[in-house]
Amino acid sequence: RQAAFRADVSALLEQVGTGKESLSFMKRRIRRLAAQWGMAAQQLDAKLHGRWRDEKKILVHVGFLTEESGDVFSPKVLKGGPLGEMVQWADILTALYVLGHNLKISISVKELQGFLGVPPGRGSCPLTGPLPFDLIYTDYHGLQQMKQHMGLSLKKYKCHIRVIDTFGTEPAYNHEEYATMHGYRTNWGYWNLNCRQYMTMFPHTPDNSFMGFVSEELNNTEKHRIQMNKVRNMAVVYGKEASMWKGKEKFLQILHRYMEIHGTVYYETQRPPEVPAFVKNHGLLPQQELQQLLRKAKLFIGIGFPYEGPAPLEAIANGCVFLQPKFQPAHSSLNHEFFRGKPTSREVSSQHPYAEQYIGRPHVMTVDFNNSEEFEAAVREIMRTEVEPHLPYEYTCEGMLERVHAYVQHQDFCSPEAPLPSVNSSRTLQGSPIVLLPNSTLLGWASNATAPPCWPPLSALRLLLSTDGQSCVEACRGADLVCEPTFFRFVNNKDALSRLEVQCEAVEVETNHIFPAFSVLRRECGLQKDPLLFSCAGHRPKYRRMCPCRDVRPGQVALCRDCL
Ligand code: UDP
């Protein structure tokens with residue numbers, strides 16, 4: 001069946017259910033953004049010129065909200081607990097619904113079993129018939145629940161699953177045997193999925209799929225009005241829980257010399273002692289009221305935690321400058337409690353690396369908060385500069401619809417991939433026109449008649465050799481491209497090595513997450529033996545990676561130019 005865009009979200013609101021504060025929060029959000037989603041649907045519809053879109057049967061099982069997983073989030077919704085996940089799930093539900101898919105929602109193991117047709121009861125009782133869904137969106141909790149209740153059949157059906165995974169899962173952690181043998185085992189990883197089945201909150205590593213969420217959009221009149229009404233010396237602090245404020249008084253005091261400081265810190269009866277007396281605390285605000293506060297404020301200031309949440313994008317969209325601390329050294333699962341046990345080695349260079357790297361000045365300033373002079377100079381600069389409200393396209397409703405549409409229609413982890421010539425072959429790239437880019441380490445080919453069908457289309461491929469110790473995430477980004485894990489299998493061969501003019505004295509084929517790569521010391525090349533370990537994120541000193549990059553649609557890093 002052809003999917004038809006939907007404009008009215010009332011049926012979705014009914015499906016979301018009641019009885020938990022988290023569900024009420026999500027429903028308020030869906031209702032508040034409904035008109036914006038409706039407009040975005042019209043825009044995408046026009047852009048796709050009525051192209052055929054399959055209507056998919058989709059199950060959304062929100063594992064972290066189930067009682068069986070302990071549901072620690074719902075009771076904290078009104079008490080300053082994390083809301084980012086709920087923001088994202090609300091937006092995923094709305095996007096799938098607005099795109100016109102046939103949606104079922106479950107927030108308990110019982111509902112999950114009912115939808116899957118698994119007889120209720122204890123233990124693992126494998127599903128016998130065909131899976132009644134094309135796609136299942138869940139999270140790590142949900143995955144564990146499916147393993148327990150679908151038993152052996154999970155393996156058979158797992159290509160249909162998508163895992164919403166805020167911070168991301170890198171290939172070395174996802175590969176069970178490799179993770180176990182090489183110390184990448186964590187509390188979450190090793191499900192042997194295709195890593196693009198993990199969908200993240202921000203575009204961390206292209207090994208995963210970037211799902212994202214949306215922020216409120218403004219029309220030109222609203223933008224203009226907001227700019228007129230900005231209060232030059234008003235700052236709002238990012239941090240709704242009192243514990244986040246511990247030990248932050250020093251730089252808040254400096255800020256207070258210049259600006260009036262507002263907070264939205266949850267409290268029960270008394271003012272939390274962590275919040276300095278000079279801060280005007282509004283208590284935790286409903287999302288809509290927070291937006292109003294951000295519209296007046298000139299500055300939104302991060303104090304180190306939470307990492308990578310939605311609020312800074314909302315602040316920037318409402319015309320604030322986001323001032324945040326640079327982390328030196330970067331925080332990661334190796335050196336920071338919060339990230340410990342998370343299935344990624346990603347280095348977090350500031351409180352919000354997306355804001356730092358993808359948005360930057362004048363909307364975002366990332367400085368060393370321990371350096372009072374640098375901090376003070378930044379505050380003075382912010383008070384002087386006029387900035388316009390800004391929202392990256394990929395965080396608008398249309399941007400999210402476009403991306404989710406492309407994933408739903410094109411990502412396929414179930415069909416077997418067409419066999420490629422062996423890694424020793426020198427035939428794969430033959431006959432394809434080479435595009436040499438200025439530094440001559442980049443090449444690509446525009447068309448390849450013998451290539452199997454592939455999404456993203458192979459025409460987007462640009463091959464590149466990283467510098468010593470650099471990952472493909474960084475190498476491709478340095479060339480204004482994006483690492484594309486789908487393409488690794490086309491460049492994991494001797495021919496690609498020779499096209500890159502890598503002088504290898506020997507070529508080995510090994511199970512190693514940094515391969516394909518070139519060892520600078522031994523002058524040897526390594527090709528990848530296990531496709532599950534192809535990794536954009538992998539890097540090691542004294543190794544240069546062979547990186548399959550692709551082009552990018554402006555404002556939509558998840559998609560290549562011809563990906564729609
Ligand atoms: N938020 C809110 N009221 C407040 C402060 C924040 O509703 O007083 C919302 C905010 O609009 C954002 C969400 O909380 O969409 C998540 O915010 P944050 O960036 O703090 O991420 P978290 O750590 O909660 O995931």
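As the structure lists them, so they are numbered: ligands from 1, and atoms in each ligand from 1. As the structure is a prediction and not an experimental result, all values here were calculated from the model.
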Checklist line | Cation-pi geometry met for Lys240 and Tyr238 (6.0 Å, 45°) | finding: no

What's the shortest distance from [atom] to any protein heavy atom, and which residue and atom give it?
atom                    : value
atom 25 (O) of ligand 1 : Gly84 N, 2.8 Å
atom 15 (O) of ligand 1 : Glu314 OE2, 2.5 Å
atom 24 (O) of ligand 1 : Lys240 NZ, 2.4 Å
atom 20 (O) of ligand 1 : Tyr238 CE1, 3.2 Å
atom 7 (O) of ligand 1  : Gln287 CG, 3.1 Å
atom 21 (O) of ligand 1 : Pro310 CD, 3.3 Å

Under 6.0 Å from the [atom1] atom of [X], do we count more than 12 heavy atoms belonging to anything else shown?
X      : atom1 : answer
Lys76  : NZ    : no
Tyr267 : OH    : no
His282 : NE2   : yes
Gln288 : CD    : no
Lys250 : NZ    : no

Check: With respect to atom 9 (C) of ligand 1, which of Leu83, Val77, Thr166, Val87 exhibits the smallest heavy-atom separation?
Finding: Leu83

Item checked: Nearest option to atom 3 (N) of ligand 1, as decided by whichever heavy atom of Leu290, Thr264, Leu78, Leu285 sits closest ->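 Of the listed residues, Leu285 has the closest heavy atom.
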
Notebook entry, point to check: For ligand 1, which atoms have a heavy atom of Pro82 less than 4.0 angstrom away?
Noted result: 24 (O)

Note to self: With heavy-atom distances below 4.0 Å as the criterion, list the atoms of ligand 1 near Gly309.
What the structure shows: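 Counting atoms of ligand 1 from 1, those under 4.0 Å from Gly309 are 19 (O), 21 (O).
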
Next item on the list: Return the minimal non-hydrogen interatomic distance between Thr205 and Cys536, and the atom names on each side.
Entry: OG1-CB, 4.1 Å

Check: Taking both backbone and side-chain atoms of Ala311, is any N or O found less than 3.5 Å from an N or O belonging to ligand 1?
Finding: yes

Note to self: Under the ring-ring contact (aromatic ring centres under 6.0 Å, His included) test against Phe202, which residue among Phe213, Tyr307, Phe210 passes?
What the structure shows: Phe213

Next item on the list: Tell me which part of Pro306 gets within contact of ligand 1: side chain, backbone, both or neither, using heavy atoms under 4.0 Å.
Entry: side chain

